[in-house]
Undergrad: 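One structure, pasted below without further comment.
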Amino acid sequence: MSKIVYILLSIFLQIMLLGAPKIDTVFGEYDHSTSKNRLSQQLSIPQSIAFDNSGQLYIVDTGNNKIRVILPSEEVITVVGSNYQGDKEGAPLYSELKLPTDIVFNSENEMIIADTYNHKIKKLTKDKRVITIAGTGKNSFNGDKYSLDTDLSYPKKVKIYENEIYFVDTGNHRVRKITKNGDIETVVGNGSRYIQSDMKMGMEEAKLYYPTAIEFYGKHLYIADRNGTMIHKVFLKTTKNILHIAGNGKINENQPIDISKNPKDTHIGSIQSIFINQKTGEIYFVSSTHNSILKYKTGDLDLFAGSGNYEAFFKIGPPEKSGFHYPTDFIIKDDVAYIADKRNNYIREIKNNIVSIYVGMWQTRDNLKTVFYPNGITSDSKHFYISDALNYRVIQTDLDFKNPQTVAGTGEQGEFLGYDEKLAKETSLNFISAISYCGGQLFLADYFGNRVWRVENLLLNRVKEIIVFNPSDFACYKDELYIAADRESEILIYNPKTLQVRKTDVGLDYHVKKIDVFNDKIWFTDAEKNGIFQYSNGKSELLTDKIKTPIEIKFVETKNSLYISDAETSKIYQLSLSNSLDITPIVGDGRKGFNKHRGEPTEISIYEPQSIYYLKDNLYVADTINNLIRVIPLNEKIIRRKLSESNDSGCSFNIDSNISLFTYILLGIAIVFISFFRKKEISKNS
């Protein structure tokens, strides 16, 4: 009897100790709840908006892979999509989408979904099931076939016209439709990419260049040709010819709109959406490049809302003075305009000539534990610093992640243009893509502002010695700051003490995105190439291409390993730098989403971790889309002991050096029980 108890207790101890959680959430709140007031909702790159037949407003919450609706009570609830990114049909709240970009409602109020990165068109049916109605899931072109046998490529805008579903097959450079018979039919485009100044030609011969939006007005179809930077009008019922009505066909993102020009000679930039007021015939174009809404009627083009410039920031006020950040959709209902302000993560409203927030987490900055798109983490000897990128601030905490406070940023987007020192927490920040504590100073990478900031003694100042385009990452090595810029092939090295800057040229073929440095070796990822690269002794070479889409790397000397997060698999890998270059997945279950805060590393869902930081045998990971900071202990030293030299059962148990005090108490209790039964057996035998 005692031997059986002994074995059972041994197994219990082994399961208990080995099953102790090795990953935990240390900061942040998973805040994608399904029911919240519209001004407390946390959206993630909302791509488009639409009204159903009953007048309820729906939001395509692209980054969260969900479709949401605003109820009359002003609560926002999810109607399609779960906590995971994927391709799953069935019950709406258990279904999975992959970066959907648009929806429309048919005459029966069924929702049609452009499930863009699954390369499918889906439908939420009347009986509340999500099904695929077009696309095989393969990113390709195989001609016009039955809808479920047809390959699509990043389908975007969907519209209903004469009870048929039209959509933009962006990657195939076509506008197509699902006919009443269930077949796919190409409407405009032959798959060739070509820019023409005046497309007066037949629909079948037309050439589009990554079209992104369509809209109907009467017998006419309007097409936004994104890379062609033009708007076309298609005569569907008469000549079936195409007429170029706006845009000069030139790609020049840094050129502001000149509304004094003829519409066909005006640089309109990348048009992401078209809306036509069916009563007045007024046409609105959403120019993401210029952060603006353009208004077109009878050959005239005017700036309706936004700055008209490629640099714009969040503002509230009259339309002509408002600020958007990459708007992607626009609609008008009952004289109120709604805008999907994508990179500000808001749905904006224009009412009574004032632009304000209609949906979005306006109150986020008041809660220092609710981070939004944390994409950087670093520390000094006493504090952690977290880049709370889409709350436009930097948060400081103690080393146990307590006592959070803002050290830089006001919580509102803006741009600091001056060179004089200003109080950091009273200065508006733009998108901070990376942070690093190096040489006794905290550095911030302003990605879109093309500059590096320094926070010292609570003051913010631009580092005047550094001229860099799109700084994407930092690494601190020997108290020098290494700066990666994904528009350049150079890495800048800045010495905070001497204020000197030198450059390392890794080769013209590379666009460095993420970096780490040790032993005079630079490991980096490339913005355009897959794999991990190594620069040493003046030469860059591929280290491994087994991890296809790396988004962050960190070298840990004690392990002689690189730790790499991968966007495609949603996992973190350990890459041993030994001769064998072994790669081991250590974190992530492979599903993009959220399932729990703590547990075994390979059973935790993470979603695009954009920063990995090492401190005292722990990896700290910014689980960016889940808005969390996670910790993964690396001290995996296992003390393996035998319970007894005379244990003939062969059982042994492992003690993890990271087990909690509670676990040790349970261990002590178990040992007492084992001793009791051992003594009882000895007494019985004697």
Side-chain angles (χ1 to χ4, degrees), residues 23-29 364-411 416 421-429 431-446 452-461 463 471 473-483 494 496-497 516-517 552 554-557 563 609-624 627-635:
I23 186 171
D24 202 355
T25 297
V26 290
F27 196 77
E29 300 173 357
T364 302
R365 67 179 188 273
D366 298 326
N367 182 359
L368 286 174
K369 290 187 178 180
T370 303
V371 289
F372 198 5
Y373 206 83
N375 63 350
I377 183 169
T378 188
S379 75
D380 58 19
S381 59
K382 296 181 179 180
H383 303 104
F384 276 111
Y385 300 91
I386 301 167
S387 171
D388 191 5
L390 292 181
N391 280 326
Y392 309 109
R393 64 187 178 187
V394 176
I395 294 175
Q396 172 190 287
T397 73
D398 298 340
L399 290 181
D400 56 1
F401 289 94
K402 295 181 179 179
N403 302 316
Q405 57 182 303
T406 300
V407 294
T410 63
F416 177 41
E421 295 180 336
K422 295 187 178 181
L423 195 63
K425 64 182 180 180
E426 295 181 358
T427 305
S428 297
L429 296 176
F431 182 81
I432 301 301
S433 57
I435 60 176
S436 178
Y437 191 86
C438 192
Q441 300 172 37
L442 179 65
F443 293 91
L444 316 178
D446 185 349
V452 174
W453 303 108
R454 172 176 53 218
V455 180
E456 188 177 18
N457 297 324
L458 302 181
L459 297 175
L460 180 72
N461 193 17
V463 182
D473 199 22
F474 290 146
C476 186
Y477 177 59
K478 295 182 178 179
D479 284 338
E480 289 189 314
L481 185 69
Y482 286 67
I483 306 166
Y494 173 69
K497 294 182 179 179
D516 206 3
V517 186
E552 182 60 284
K554 184 65 181 178
F555 176 75
V556 176
E557 181 184 8
Y563 290 86
Q610 302 238 351
S611 180
I612 302 176
Y613 185 74
Y614 175 75
L615 181 68
K616 297 180 180 178
D617 283 336
N618 288 326
L619 281 184
Y620 294 90
V621 177
D623 190 356
T624 304
N627 302 311
L628 301 170
I629 304 297
R630 312 272 203 158
V631 60
I632 303 103
L634 290 185
N635 48 344

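Position 1 is the first residue of the sequence; numbering continues from there. What you see is a predicted model; the values in this text were computed from it and never measured.
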Undergrad: State, with a plain yes or no, whether a side-chain heavy atom of Phe555 is found less than 4.5 Å away from one of Tyr477.
TA: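 In short, these two side chains do not touch, never coming nearer than 4.5 Å.
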Undergrad: Answer whether the closest heavy-atom distance between the side chains of Tyr613 and Ser379 falls below 4.5 Å.
TA: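 Yes, close enough: below the 4.5 Å cut-off.
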Undergrad: Is the count of non-hydrogen atoms from other residues, nucleotides or ligands lying under 6.0 Å from Leu458 atom CG greater than 12?
TA: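 Counting neighbours around CG of Leu458, 12 or fewer heavy atoms of other residues, nucleotides or ligands fall under 6.0 Å, so no.
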Undergrad: Using modelled atom types and a 3.5 Å cut-off, is there a donor and acceptor pairing between side-chain atoms of Thr406 and backbone atoms of Ile395?
TA: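 It does not hold such a pair.
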Undergrad: Can you tell me if Lys425 has over 12 outside heavy atoms packed within less than 6.0 Å of its NZ?
TA: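 Not buried by this count: 12 neighbours or fewer within 6.0 Å.
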Undergrad: Please give me the minimum heavy-atom distance between Val394 and Leu442, naming the atom from each residue.
TA: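 Scanning both residues completely, I find the closest heavy atoms to be CG1-CD2, 4.3 Å.
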Undergrad: Taking the side chain as every heavy atom from C-beta outward, state whether Asp388 and Leu368 have any pair of such atoms under 4.5 Å apart.
TA: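 Counting from C-beta outward, Asp388 and Leu368 never come under 4.5 Å.
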Undergrad: Quick check against the 3.5 Å criterion: does Ser436 have a side-chain atom that pairs as donor or acceptor with the backbone of Phe474?
TA: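 It does not hold such a pair.
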Undergrad: Classify the ring geometry of Tyr437 against Tyr385: parallel below 30°, tilted from 30° to 60°, perpendicular beyond 60°.
TA: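 Taking Tyr385 first and then Tyr437, their aromatic rings lie parallel (interplane angle under 30°).
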Undergrad: With a 3.5 Å cut-off and no angle check, do the side chains of Glu557 and Tyr614 form a donor-acceptor pair?
TA: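 No, no side-chain donor-acceptor contact under 3.5 Å.
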Undergrad: Quick one: are the ring centres of Phe384 and Phe27 less than 6.0 Å apart?
TA: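 Between Phe384 and Phe27, the centre distance exceeds or equals 6.0 Å.
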Undergrad: Between Phe431 and Asn375, is there a side-chain heavy-atom distance shorter than 4.5 Å?
TA: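 Asn375 vs Phe431: side chains touch.
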